*Asks:* 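Pasting a structure below so you can have a look.
If you're wondering where the values come from, they're calculated on a predicted model, not measured in any experiment. Throughout, a chain's letter reflects where its sequence line sits, starting with A, and its residues are numbered from 1.
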There are 2 protein chains.
Amino acid sequence: MTETIEAFLGRGRKATINDVARLAGVSKKTVSRVINNSPSVHARTRDDIAEIITRVGFRPDPQARGLAFRRALLIGLIYDNPNAQYIVNMQMGALDRLRGSGIELVVHPCTWHSETFLSELRDFLESQRPSGVIVLPPIAEDRQLLDLLEELNVPRVRVTARTSGDGNAAIGREIVSCDDIGCAEAGAHVAGLGHRRIGYIGGNPDYPSAHVRRHGFETGLAAHGAAIAPDLDEPGNYSFESGYAAARRLLRRPDRPTAIICANDEMAAGAYKAAFEADLRIPGDLTLIGFDDAPIADRLSPPLTTVRLPTRDMARMAADLLVSRPATADQTMTVPSALIVRGSSGAPKAGL
Amino acid sequence: MTETIEAFLGRGRKATINDVARLAGVSKKTVSRVINNSPSVHARTRDDIAEIITRVGFRPDPQARGLAFRRALLIGLIYDNPNAQYIVNMQMGALDRLRGSGIELVVHPCTWHSETFLSELRDFLESQRPSGVIVLPPIAEDRQLLDLLEELNVPRVRVTARTSGDGNAAIGREIVSCDDIGCAEAGAHVAGLGHRRIGYIGGNPDYPSAHVRRHGFETGLAAHGAAIAPDLDEPGNYSFESGYAAARRLLRRPDRPTAIICANDEMAAGAYKAAFEADLRIPGDLTLIGFDDAPIADRLSPPLTTVRLPTRDMARMAADLLVSRPATADQTMTVPSALIVRGSSGAPKAGL
DNA sequence: CTGAAAGCGCTTACAG
DNA sequence: CTGAAAGCGCTTACAG
């Protein structure tokens, strides 16, 4: 060892793998093995190199590694979802896991129903070659996208919803939320309050979550001998406007519901508006239930009873699969949902 | 040219700069000049190479370019801001400009008041060496962060708010919103409606926007001979809770305001809650004004009159500065704001 | 206006 | 368990 670490540090230059190798008296290939946690390095050698790496503050250059690996040290987050808080939570969760790993998060919003949806994604994947991607609902259901990912051999984790205990086979690796669990709690809550004229505003039927949630609500209601009134069963598409329109129809009826369950918070906010315009008080005249625990939920007056998903955790788990585990077989990781009771739910008035 | 393009394409391999050079009968250096828009290439040569690039679908590898440039083809978005929609809009705006440029957007949320705020950022900047960063409010005010960016020589654009026509010197390159313009319109709107008992809930005074907005509201009010009542002037910090608490204080007074102007929508939503609890109707009993045009604004009942900023445009401009213009001198680009009148503002009841 | 050589900082494939 | 050579796909610095 002709040069000391102190002398090297005095130069004020960023350390490279060559510096570490020279200082440690080994080849850079051996340093590379330490960086990449190869098991075949003598423990003593590994410790020596690790210490030098720490002392000189060496951090391998992600560009150089990416070039040699033929794969960028980037994880892509692919989505077409209008719920800003959901997106931000997913980003935070992924970043929770990525921080310190030397891998960065690249965001890739896209437009599912655009002509160039697939070609744009192909461009991105072919030119950047990310180490992995996380695909969020609803485009996690796009078969062509999944095929593209398979064709380009991009490690991937999809996020979706499914009924708990459902025996359906996994599609690749996936993080699955059991939206039905919290919905069943919500159904039981509403029925337990004494409601029997219960309306429902459904989610977009193209998304699995719409069916999973509905099934959960029905299960909870049924446990208390209640059900969605067949004449109060309205379609919706998860948008504020669709919730508003559906609630207007429901609230104009002479035999209007005493409670309306909505498949998400956006539509529930639309129902607040309809109730406001019909001069109905919540929860005195009308109980309202949502799903998502969106920021709006506890900013509405009164705050909305809703169901929460561990969004951030889901993204953290997805990033973990990508970063620390090679894709072997199909695999499903499951998370629950939970009811959050707030001020929008109460007992129906006597006589209604 | 010993090999034809057709023959090359038949191989089904991704084209590299070497393939293009060979096919064009030039050195790869010349191809590199074309990629990087160097002016010193014969027009004929350039066109020939450009055509081959198109035909073989060559896209330079960002990893290789990054390594050679000693700068990743990545733009970082740095922020500590709880407003999810604002963040998502900024991401969309930056991506609007970046799409097709070969540069990706890396998101970097951080915690301003954490011990490791600066060291984490330094790690990120030193190891990734992004081509540029966009810094969002409020951390765009952090002098130490700006110094760090200067020290590491990272091209940067900060986003901030300033009163229109303010002669303050730019701090580096910045995108500045004139929050006061829309606020002045809002002040004039409220005063024009006939309000004279006007309350105010201010923003966090540590942020420039709090002062700029207040100044705008006051200007608009003054133009119609009105003003914020000195006894109805409440501090706030942009949070829902601070808006709720301040509005409660204001609405409990016997001589309560007929209108409350809030420095953002979050606080206005808190004021809705206070009004709801005090059994006051909006706008009949109380006019409410916000700022941001957050998603919540038109989901409240009635929808909130507020001021909108062209958030997405600002990010697009910031990305454009970074991508297409070398940082020469300090530079300020300015955008206006505008009033959006909705249902939460109306004339005060006679007698109040 | 164009090119040959060297280099960016890593890893792969092979050998021992 | 370790290393010498070649290579990943570009750009820089220099020369002409």
*Asks:* In whole angstrom, what separates A:R71's CZ from C:dG9's C1'?
*Replies:* 20 Å
*Asks:* Please name the residue in the list B:L121, B:L145, B:L77, B:V159 that meets the side-chain contact (heavy atoms from CB on, under 4.5 Å) test with B:V135.
*Replies:* B:L145
*Asks:* With a non-hydrogen cut-off below 4.0 angstrom, is B:N18 in contact with a base, only sugar-phosphate, or nothing?
*Replies:* nothing
*Asks:* Identify the heavy atoms of B:D96 and B:R316 that sit nearest to each other, and give their distance.
*Replies:* OD2-NH1, 2.8 Å
*Asks:* Does this structure show an ion pair linking A:K14 with B:E126, if we count only N-O contacts that are shorter than 4.0 Å?
*Replies:* no
*Asks:* Assign a letter to each nucleotide of nucleotides 2-7 of chain D from its 5' end: B, base within under 4.0 Å of a protein heavy atom; S, sugar-phosphate only; -, no contact.
*Replies:* BBB---
*Asks:* Of A:F58 and B:A43, whose closest DNA chain C nucleotide lies nearer the 5' terminus?
*Replies:* B:A43
*Asks:* Evaluate the side chain to side chain contact (heavy atoms under 4.5 Å, CB included) criterion for residues A:R162 and A:T334: first the C-alpha distance (whole Å), next the side-chain angles of each, then the deciding distance (0.1 Å), finally the verdict.
*Replies:* CA-CA 9 Å; A:R162 196 171 299 159; A:T334 271; over 6 Å; no
*Asks:* Between C:dT11, D:dT11, C:dG9, which nucleotide gets closest to the side-chain atoms of A:F69?
*Replies:* C:dT11
*Asks:* Using whole Å, report how far CD of B:Q63 lies from C1' of C:dC10.
*Replies:* 11 Å
*Asks:* Table please: side-chain donor-acceptor pairs of residues 100-113 of chain B below 3.5 Å, with sequence neighbours left out.
*Replies:*
residue : atom : partner : partner atom : Å
B:S101  : OG   : B:L98   : O            : 2.5
B:S101  : OG   : B:I103  : N            : 3.1
B:W112  : NE1  : B:D142  : OD2          : 2.6

*Asks:* Out of B:Q331, B:R156, B:R158, which residue meets the side-chain hydrogen bond (donor to acceptor under 3.5 Å, both in side chains) rule with B:E174?
*Replies:* B:R158
*Asks:* Would you indicate, yes or no, if D:dT11 has its OP1 or OP2 atom less than 4.0 angstrom from a side-chain nitrogen or oxygen of B:S32?
*Replies:* yes
*Asks:* Rounded to whole angstroms, how far apart are CD1 on A:I53 and P on C:dC10?
*Replies:* 10 Å
*Asks:* Is there a donor-acceptor contact under 3.5 Å from the side chain of B:R70 to the main chain of B:A68?
*Replies:* yes
*Asks:* Taking atom P of D:dG9 as reference, at what distance in whole Å does atom CG of B:L73 sit?
*Replies:* 16 Å
*Asks:* Atom CD of B:Q128 to atom P of C:dG9: distance rounded to whole Å?
*Replies:* 15 Å
*Asks:* Heavy atoms only, 4.0 Å cut-off, all strands: where does B:P62 land among base, sugar-phosphate and nothing?
*Replies:* nothing
*Asks:* Want to know the stems of DNA chain C: at least 3 consecutive Watson-Crick or G-U pairs with distances under 3.5 Å, which are they?
*Replies:* C:1-3 with D:14-16, C:5-12 with D:5-12, C:14-16 with D:1-3
*Asks:* So which heavy atom on B:S131 is nearest to which on B:P155, and how close?
*Replies:* O-CG, 3.2 Å
*Asks:* Could you tell me whether A:D47 and A:R44 have a side-chain N and a carboxylate O separated by less than 4.0 Å?
*Replies:* no
*Asks:* In whole Å, what is the span from the CG atom of B:D61 to the P atom of C:dC10?
*Replies:* 17 Å
*Asks:* Can you tell me how far C1' of D:dC8 sits from CZ of A:R65, to the nearest Å?
*Replies:* 15 Å
*Asks:* Could you give the CG-to-P distance, from A:D19 to C:dC10, as a whole number of Å?
*Replies:* 9 Å
